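Single-structure report; data block below.
Only this structure's heavy atoms are used, side chains among them; waters, hydrogens and symmetry mates stay out. Throughout, a chain's letter reflects where its sequence line sits, starting with A, and its residues are numbered from 1. Because the structure is predicted, anything quoted here is derived from the model rather than measured.
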Amino acid sequence: MHAERISDALREAAAGWGVDDVRFRLDRPKDTSHGDLASNIALTLASRVNRRPRDIALDLKARLGGIEGIERIEVAGPGFLNFFLESVAVGGTLHRILEAREEYGGNEDGGGRRIMVEFVSANPTGPLHLGHGRQAALGDVIARLLEWSGWEVHREFYFNDAGLQIARLAETVWARYRQLLGHDEPVTEGGYHGEYVVEIARDFLEREGDRYEHERSKAALEAMRRFAVSSLRDEQRRDLAGFNVHFDEYYSERSLYSDKRVEKTIEALDATGLTYRHEGALWLRTTEFGDQKDRVMLKSDGSATYFLPDVAYHMGKWERGFHEVINVQGSDHHGTVDRVRAGLRALGRPGGYPEYLLHQMVTVERGGEEVRFSKRAGSYTTLADLVAEVGVDVARYFFLMRRPEAHLTFDLDLALDQSDKNPVYKVKYAHARLCRLSRLAHEKGWDGMDGPRAPDADTALLAAPAERELINQLGEFPGFLRRAARDRAPHILCDYLERTAGLVNTWYQTGHPTRKPELAALVYDEPLRSARLTLAVAARIVLRNGLKVLGIRAPEAM
RNA sequence: GCGCCCGUAGCUCAGCUGGAUAGAGCAUCGGCCUUCUAAGCCGAGGGUCCCAGGUUCGAGUCCUGGCGGGCGUACCA
């Protein structure tokens, strides 16, 4: 690539002045009049070599003039170097895209190493809500980004099927069950008031009959617990499948107890000498590792807090061979980050383990007003309701298009709009338009563009500004994908795709057959037509691959 | 009180390791459909980048101190 050759040459020149660790940028300027590539190296070098930036820039311009593919270099502003590439060099991007095809955009940063992404991890006490939806989309797409970056990814869902909340769920089922049998049985304080528990109780009654009517025994509650958990987990799994999200493993909190992992973790922590008894509870000195206060491991009644199985679980991840782990969680859980890491550090794991990605909450607005539209869950909007309303693709995209750490307002009016105003449709339409061009070319017998091998089109003919800009944009796809993966930030890809779609539309429209027939894609001039169809195919590949990373369909016709 | 996150156009938000005139979509206003191509395109208006200092050739970006909002700060999960 030209960018690499140029940046090598720049680095070499800096080394010639005795600066081996020069930091600089070489990227595409916002303003096309600043060239195809621009660098600030003269500005960063100025203080190091004690010369004026413009002089350095002029010096560099003279040295780099001979590099192949560069048409000219300009020194601008305080000392920026602007590189204008030859059309051949720009057009070469298209051939690379057509060579790589459905692989285009990926990289090998991961080198085949294993990484776990844990996400959603909802309690099996109710249907998934919008926060889970955002998390499902984020976790899944981060996993996809990592796969495109050469990682072997394991998607995991941890579910808390032990503990107090589950006991309360069982008690709620019992209350609803009794109600169905005509008794006056209130849902206890801290119980689950959503309608869905009534459905579960009804199903349970249908299957098990009234045998537990007068028996609020341990066995009865245990039977109801099992039934409710299994039914809610099934529902969550269905909702996730409907959201195009699948897990490699569902990991049970209870299994940490039956495997004795929790027990072993207590022993291991005890052995560090960092535990102590206070007011009947067993504490860990997590403050040794930067936590704000020490944490209770075992309550005075002998039961474990959540902290303990969390540590046991993450020790387990490490022992299973996952030394790279990303936990996607709602930011309301940020309080647990320091304590879990502290517990793990006490056991000798490195300080940054595991990595956390915390995302902010979601609200839904219609007509500028916040809405909640769950009939079954009562207090919150479910993921399933949202998907039913706007569709999977739109829901996924909207959850992804903002930075995770920013609050997300889900604009239902925009989500339901099927025009280009809706960013999802904008990208899909651009893709479909490009497909139509290929189809039309095929109908006219102008084939050869779309075969498995890159055609020999003379892409240097693509010299119109809209074409140059689009080509440069397509060439940047791998860089954006890499950055999105490294930053765990799918929205970077959303922004990229929207901008690309915009440039596609501009290009498509500036070649309007009526007003600018000489810029139309399907011109009679064969070499030009081939070049433009090559551009169309390359752009289609980028949009398609980009949508694929987001887990969104790219139809050939809308 | 302490900790984490956020504060950019009327609204929702981008802005990469500090770079050139701060961007996009929505909304508003104006222009463009006899020829593959209007689910579209082109253009315009709209900003004390929360405030005040600081660092430097250069700050929306980094540092310090405020202000405002969200979340957390349990022997809850």
Side-chain angles (χ1 to χ4, degrees), chain A residues 23-25 27 29-31 33-34 38-40 43-44 46-47 52-53 76-80 82 123 125 160 163-166 168 190 253 278-283 291-293 295-307 310 330-338 358-361 365 368 401-411 413-414 417-423 425-426 428-430 432-433 436-437 439-441 443-444 479-480 482-484 486-487 489 491-492 494-496 498-499 502 505-517 520-523 558:
Chain A
R23 287 161 66 86
F24 64 96
R25 296 177 56 156
D27 45 26
K30 279 174 277 189
D31 187 335
S33 74
H34 293 149
S39 179
N40 65 343
L43 294 142
T44 66
S47 60
R52 285 191 307 194
F80 289 100
N82 295 337
N123 288 350
T125 53
N160 301 119
L164 189 62
Q165 294 309 314
I166 294 298
R168 284 177 175 164
E253 183 195 5
H278 178 66
E279 290 178 356
L282 185 63
W283 297 67
D291 199 4
Q292 281 197 289
K293 53 172 289 191
R295 303 295 169 178
V296 172
M297 297 162 52
L298 291 175
K299 303 183 220 171
S300 47
D301 67 3
S303 65
T305 60
Y306 249 55
F307 167 59
D310 274 353
S331 64
D332 53 335
H333 287 77
H334 79 251
T336 65
V337 172
D338 282 347
L358 303 174
H359 65 85
Q360 291 289 329
M361 298 295 115
E365 284 186 3
M401 69 183 181
R402 304 296 182 215
R403 331 209 307 283
E405 56 272 23
H407 174 87
L408 178 75
T409 304
F410 199 111
D411 182 346
D413 300 313
L414 185 60
D417 190 321
Q418 301 204 348
S419 77
D420 267 27
K421 288 175 190 170
N422 182 334
Y425 282 91
K426 178 174 179 172
K428 287 185 173 213
Y429 287 134
R433 251 173 226 128
R436 179 161 52 180
L437 271 187
R439 257 199 324 274
L440 287 166
E443 281 165 18
K444 297 192 182 215
F480 274 86
R482 163 177 279 135
R483 194 152 67 81
R486 284 187 182 165
D487 294 353
H491 77 278
I492 288 174
C494 294
D495 284 352
Y496 172 82
E498 276 174 62
R499 172 148 174 76
N505 286 341
T506 299
W507 172 71
Y508 190 71
Q509 191 69 24
T510 50
H512 194 286
T514 310
R515 292 184 1 243
K516 296 265 176 145
L522 301 179
V523 288
M558 299 291 289

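- B:C16 sits 27 Å from B:G70 when the P atoms are compared, rounded to a whole Å.
- Nearest to the side-chain atoms of A:Asp332 among the listed nucleotides B:C5, B:C71, B:G15 stands B:C71.
- The distance between atom CG of A:Leu358 and atom P of B:G70, rounded to the nearest whole Å, is 19 Å.
- The side-chain heavy atoms of A:Arg402 and A:Leu408, taken from C-beta on, include a pair separated by under 4.5 Å.
- For the pair A:Asp487 CG and B:C16 P, the interatomic distance rounds to 10 Å; values are reported in whole Å.
- One N or O on the side chain of A:Asn40 and one on the backbone of A:Arg25 form a donor-acceptor pair closer than 3.5 Å.
- Considering only side-chain atoms of A:Arg402, the nucleotide from B:C75, B:C41, B:U12 that sits closest is B:U12.
- Shown here, B:C5 is classed anti by the O4'-C1'-N9-C4 or O4'-C1'-N1-C2 angle, which is more than 90° from 0.
- Of the nucleotides present, B:U28 is the one that pairs with B:A44 by Watson-Crick or G-U wobble criteria, both distances under 3.5 Å.
- For B:A27, one of the phosphate oxygens OP1 or OP2 lies less than 4.0 angstrom from a side-chain nitrogen or oxygen of A:Lys421.
- The line from CG of A:Asp338 to NZ of A:Lys293 is 13.5 Å long, rounded to the nearest 0.5 Å.
- Comparing atom distances between the A:Leu43 side chain and each of B:C57, B:A14, B:A77 picks out B:C57 as nearest.
- For A:Tyr306, the side-chain atoms get nearest to B:A77 when compared with the rest of B:G25, B:A77, B:C6.
- What separates CG of A:Leu414 from C1' of B:A24 is a distance of 13 Å, to the nearest Å.
- You'll find that the side chain of A:Ser419 is closest to B:G40, out of B:A20, B:G40, B:A14.
- For A:Lys428 and B:G40, the shortest distance from a side-chain N or O to OP1 or OP2 is not below 4.0 Å.
- Rounding to whole angstrom units, CD of residue A:Glu279 and C1' of B:A74 are separated by 13 Å.
- For B:G15, one of the phosphate oxygens OP1 or OP2 lies less than 4.0 angstrom from a side-chain nitrogen or oxygen of A:His491.
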A:Phe307 vs A:Val296, side chain to side chain contact (heavy atoms under 4.5 Å, CB included): CA-CA, chis, key distance, verdict: CA-CA 8 Å; A:Phe307 167 59; A:Val296 172; over 6 Å; no
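- Spacing between B:G65 and B:C5 at atom P, rounded to whole Å, works out to 14 Å.
- Residue A:Asn505 places at least one side-chain N or O under 4.0 Å from the OP1 or OP2 atom of B:C41.
- If you check B:G40, B:G3, B:C13 against the side chain of A:Gln292, the one that comes closest is B:G3.
- For B:G1, neither phosphate oxygen OP1 nor OP2 lies less than 4.0 angstrom from any side-chain nitrogen or oxygen of A:Lys293.
- Rounded to a whole angstrom, the distance from the P atom of B:G18 to that of B:G3 is 25 Å.
- To the nearest angstrom, P of B:A39 lies 13 Å from CD of A:Gln418.
- When each of B:A77, B:G3, B:G19 is scored by its nearest atom to the side-chain atoms of A:His334, the top-ranked nucleotide is B:G3.
- Dashed line: the shortest gap from a side-chain N or O of A:Arg403 to OP1 or OP2 of B:G15 is under 4.0 Å.
- The cationic group of A:Arg499 does not satisfy the cation-pi geometry with A:Tyr496, failing either the under 6.0 Å distance to the six-membered ring centre or the 45° limit from the ring axis.
- Using atom C1' as the reference point in both B:C13 and B:A27, the two lie 14 Å apart (nearest Å).
- Counting non-hydrogen atoms under 4.0 angstrom, A:Thr336 reaches a base of the nucleic acid.
- Checking side-chain atoms of A:Asp417 against main-chain N and O of A:Asn422 turns up no donor-acceptor pair under 3.5 Å.
- Straight-line distance between the P atoms of B:G7 and B:C63: roughly 14 Å, to the nearest whole Å.
- Checking B:A20, B:A27, B:A77 against the side-chain heavy atoms of A:His333 singles out B:A77 as nearest.
- In this entry B:G72 has B:C2 as its Watson-Crick or G-U wobble partner, both defining distances falling under 3.5 Å.
- Residue A:Thr506 places its side chain closer to B:C41 than to any other of B:C41, B:C16, B:A77.
- Across the C1' atoms, B:U64 and B:A59 are found 15 Å apart, a figure rounded to whole Å.
- Between the CG atom of A:Asp487 and the CD1 atom of A:Ile492 there is a distance of 4.5 Å, given to the nearest 0.5 Å.
- Side-chain N or O atoms of A:Thr44 include one that pairs as donor or acceptor with a backbone N or O of A:Arg23 at under 3.5 Å.
- The ring of A:Tyr508 lies on top of the base of B:U37, close enough and flat enough: under 5.5 Å between centres, under 30° between planes.
- Stacking is found between A:Phe80 and the pyrimidine-like six-membered ring of the B:A20 base under the 5.5 Å centre-distance and 30° plane-angle cut-offs.
- Contact annotation: A:Arg25 side-chain N/O to B:G19 OP1/OP2 distance is under 4.0 Å.
- Comparing the C1' positions of B:U8 and B:G46 gives an interatomic distance of 14 Å, to the nearest angstrom.
- Atom CG of A:Asp27 is separated from atom P of B:A20 by 10 Å (rounded to the nearest Å).
- Comparing the P positions of B:G15 and B:G19 gives an interatomic distance of 12 Å, to the nearest angstrom.
- Between the NE2 atom of A:His407 and the P atom of B:G72 there is a distance of 14 Å, rounded to whole Å.
- In the set B:C75, B:C13, B:G25, B:C13 carries the atom at the smallest distance from any side-chain atom of A:Thr409.
- Applying the 3.5 Å distance criterion, the base of B:C71 shares no donor-acceptor pair with the side chain of A:Ser331.
- The distance between atom NZ of A:Lys426 and atom P of B:C13, rounded to the nearest whole Å, is 18 Å.
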